[in-house]
Amino acid sequence: PDVRDMTGRTTMDYDDKVFAEMVTTHFQECVDERAPVYRHVVGQLQDAPYEYYRLTLPLSADDRSVDMLIAAPVRVSVPVGFPKRTLWDF
């Protein structure tokens, strides 16, 4: 998975469907709990270790229902040659 603008898309639009399911589950937890969710994700990407932390914050336009999320991932390790961008790269 790479950093991308998901405006107008769902998490199921990721090419990697295993990753899509995981992210969908994590984001749904944030919506259901109406509270921030912090995750430490460890896995394999391109047959190499991949690790990151992600904080997801729920937002509401009407102060009742969660209708927006802000996700802030921080990569710890990525495969060699994989773009390693940070928030400051945008």
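Side-chain contact check for Cys30 versus Pro36: every heavy-atom pair is 4.5 Å or farther apart. A heavy-atom distance below 4.5 Å is not found between the side chains of Glu51 and Val41. When side chains are defined from C-beta on, Val23 counts as touching Arg54, because their heavy atoms get closer than 4.5 Å. Annotation: side chain of Thr56 is in contact with side chain of Phe27 (closest heavy-atom distance under 4.5 Å). Inter-residue side-chain proximity for Glu29 and Arg39 is flagged as met; some heavy-atom pair is nearer than 4.5 Å.
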Residues Arg75, Tyr50; criterion side-chain contact (heavy atoms from CB on, under 4.5 Å); working and verdict: CA-CA 8 Å; Arg75 293 177 180 171; Tyr50 181 73; 3.7 Å; yes
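In this structure, Val66 is not a member of the same hydrophobic cluster as Val37, with clusters built from ILVMFWY side-chain heavy atoms closer than 4.5 Å. Met22 and Val18 fall into different hydrophobic clusters, defined by Ile, Leu, Val, Met, Phe, Trp and Tyr side-chain heavy atoms under 4.5 Å apart, directly or through other members. Taking hydrophobic clusters as Ile, Leu, Val, Met, Phe, Trp and Tyr residues chained together by side-chain heavy-atom distances below 4.5 Å, Val76 shares a cluster with Leu55.
Once rounded to the nearest 0.5 Å, the distance linking CG of Leu59 with CG of Leu69 reads 7.0 Å. From Thr11, atom OG1 reaches atom NZ of Lys17 across 9.0 Å, with rounding to the nearest 0.5 Å.
The main-chain N or O of Asp67 is never found under 3.5 Å from a side-chain atom of Ser65 such that the two would form a donor-acceptor pair.
Under the 30°/60° scheme for interplanar angles, the aromatic rings of Tyr53 and Tyr38 are found to lie parallel.
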